[in-house]
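The structure appears right after this line, and notes come after that.
Just so it is clear: chains get the letters A, B, ... in the order the sequence lines come, proteins before strands, and each one is counted from 1.
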There are 2 protein chains.
Amino acid sequence: MDRPDRTGGGAGAPVRGREATRERILASAKVLFTSEGYGAVSSRKIASHAGVNVALINRYFGSKAGLLTEILREDGVFPRLIEEGPPEGLTERLAEHSVSRLHGEGSPLQLSLDDSAGDPDLQAVYQGRLKSALIEPLAAYLGGRDARVHASLVAAVLMGVGRVRRVEGATALRAHDREQLKERVLALLELCLKDFDPPE
Amino acid sequence: MDRPDRTGGGAGAPVRGREATRERILASAKVLFTSEGYGAVSSRKIASHAGVNVALINRYFGSKAGLLTEILREDGVFPRLIEEGPPEGLTERLAEHSVSRLHGEGSPLQLSLDDSAGDPDLQAVYQGRLKSALIEPLAAYLGGRDARVHASLVAAVLMGVGRVRRVEGATALRAHDREQLKERVLALLELCLKDFDPPE
DNA sequence: TTTGACAGGTCAACAGCGTTTACATATACC
DNA sequence: GGTATATGTAAACGCTGTTGACCTGTCAAA
């Protein structure tokens, strides 16, 4: 038998062991990040909630940011949107996604992290993900000479809407007719994708 | 004489007094923020550079974020763009501004703060400024029923481009033909401003 | 059964942060 | 001259993420 449960499964005592501990930390971090935001939750708070020593966070995830990265890694939204339906409906899915986030839809964790998006750690992690999870797959999907420019512009519009939401609550945008707004965002996205130098 | 120089102007000893100290702190903060970014510069570092006690930062500016706010207050870019020329050229000025920032033009302080834009303090201050320095004046300028929606969308595009620049270096965007890019951004901005429910 | 190795967990400390409080000093006014 | 009031100082507070030394329980080989 290779690695039986060290604790013998006895109830009462917390489950020990590498995987169990990692999972406990991850679970607690998700719960706390969701309810309080990233910046407001300290390492010690996570450890305490997980019933685990603070040092173990760094042992298993390298740092608090590493823990966050691990949590976000399982949560790739944009690639899913890209592959999720027919190519010709992509811009509409992106627009719908954008507007729905604007209206506060999405997983509680996502929404909460949106609110903490100002944090340097989160920003750094997001930076990596924006590139690897949106711009690059989108450019690859688009193909063509200016694929990366188009993809970057799309990213700009999507990020911009998200940012305005966080920054000013986007009260005006949310108060506006949702369908009209979606149409407008859709038009913006398609304008982003239009070829340069139209053949004339 | 109301408030002669308390120090008698003697050389050697650092100049004391409310205004002098405030200015010294402001000047040092600008220098350091410019060369190292906001997050990388601690209160103690600023104070040390200014030859001033740490506590005076909080005394005169309330907090480190307050100091930043004061620095940014004198630096209202968007309102200037709005009033700076004829209304019909506004979108073009905004587009030009956006693209030039993309190419790393602008005051060193602005560029540096752009890079630190992830910091929660800076984010908070920017949030206030985005509203008061772009969305609100722009909405007021535009007038009309959906003015705030249009202004928010414009803000979204501008912020989005800025964000993509920070997030992925916008290598693709920068490599692209500048004039073409400006035209594209201009088109996006004008699409943002187009009336909803076009009369048909 | 004894011994050694080692993964897993604990604890206390580190250096840094922004901020606050109590105190000292220098200036201005009566 | 004496006193109120700006201004500046020093030291601490509580917090953060992180680290290194140490303990402990389990397993494998001798």
Side-chain angles (χ1 to χ4, degrees), chain A residues 1-10 13-25 28-29 32-33 36-70 116 119-125, chain B residues 1-10 12-25 28-29 32-33 36-70 116 119-122 124-125:
Chain A
M1 51 185 98
D2 56 346
R3 281 271 185 102
D5 185 355
R6 284 171 175 75
T7 65
V15 181
R16 293 167 78 100
R18 183 179 183 83
E19 277 316 304
T21 302
R22 265 184 64 99
E23 285 310 315
R24 283 155 67 74
I25 293 174
S28 291
L32 292 174
F33 287 166
E36 309 185 28
Y38 177 80
V41 179
S42 69
S43 299
R44 284 168 176 84
K45 204 167 189 173
I46 298 170
S48 164
H49 184 276
V52 140
N53 191 284
V54 208
L56 295 181
I57 291 178
N58 289 304
R59 172 188 286 276
Y60 289 121
F61 300 96
S63 64
K64 191 189 170 193
L67 171 56
L68 175 68
T69 308
E70 181 62 25
S116 322
D119 194 280
D121 281 359
L122 226 151
Q123 195 93 3
V125 176
Chain B
M1 50 184 98
D2 56 345
R3 281 272 185 103
D5 186 354
R6 285 168 174 78
T7 66
V15 181
R16 295 166 77 100
R18 182 181 184 81
E19 278 316 305
T21 302
R22 265 185 64 99
E23 285 310 315
R24 284 156 66 74
I25 293 173
S28 291
L32 293 174
F33 287 166
E36 309 185 28
Y38 176 81
V41 180
S42 68
S43 299
R44 285 168 176 83
K45 204 167 190 173
I46 299 169
S48 165
H49 184 276
V52 140
N53 192 285
V54 210
L56 295 181
I57 293 178
N58 289 305
R59 173 187 286 277
Y60 288 122
F61 300 96
S63 64
K64 191 190 169 193
L67 171 57
L68 175 68
T69 308
E70 181 62 26
S116 322
D119 193 280
D121 281 0
L122 226 152
V125 176

Side chain to side chain contact (heavy atoms under 4.5 Å, CB included) against [X], all qualifying residues, sequence neighbours excluded:
| X | result |
| --- | --- |
| A:Arg59 | A:Leu56 |
| A:Ala55 | A:Asn53 |
| A:Ala40 | A:Glu36 |
| A:Ser48 | none |

Looking at D:dG8, I'd like to know if its phosphate oxygens (OP1 or OP2) sit under 4.0 Å from a side-chain N or O belonging to B:Thr21.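 So the side chain of B:Thr21 is within the cut-off, an N or O lying under 4.0 Å from OP1 or OP2 of D:dG8.
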
How many whole angstroms separate atom [atom1] of [X] from atom [atom2] of [N]?
| X | N | atom1 | atom2 | answer |
| --- | --- | --- | --- | --- |
| A:Glu19 | C:dG8 | CD | C1' | 13 Å |
| B:Leu32 | C:dC17 | CG | C1' | 16 Å |
| B:Lys45 | C:dC17 | NZ | P | 8 Å |

Using the side chain to side chain donor-acceptor pair (under 3.5 Å) criterion, which residues pair with B:Ser28? Sequence neighbours excluded.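 Testing B:Ser28 for side chain to side chain donor-acceptor pair (under 3.5 Å), a comparison that skips the adjacent residues, returns B:His49.
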
Beyond-backbone contact of B:Ile46 with B:Phe33, side-chain heavy atoms, under 4.5 angstrom: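 Yes, at least one pair of side-chain atoms sits under 4.5 Å.
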
Toward the 5' end of DNA chain C, which comes first, B:Arg59 or A:Leu56, by nearest nucleotide?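 So the residue in question is A:Leu56.
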
Contact string for nucleotides 10-18 of chain D, one letter per nucleotide 5' to 3', B = base within protein heavy-atom range under 4.0 Å, S = sugar-phosphate only, - = neither, reads B-B---BBB

What is the nucleic acid contact for B:Tyr60, judged by heavy atoms within less than 4.0 Å: base, sugar-phosphate only, or nothing?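 The residue B:Tyr60 makes sugar-phosphate contact but no base contact.
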
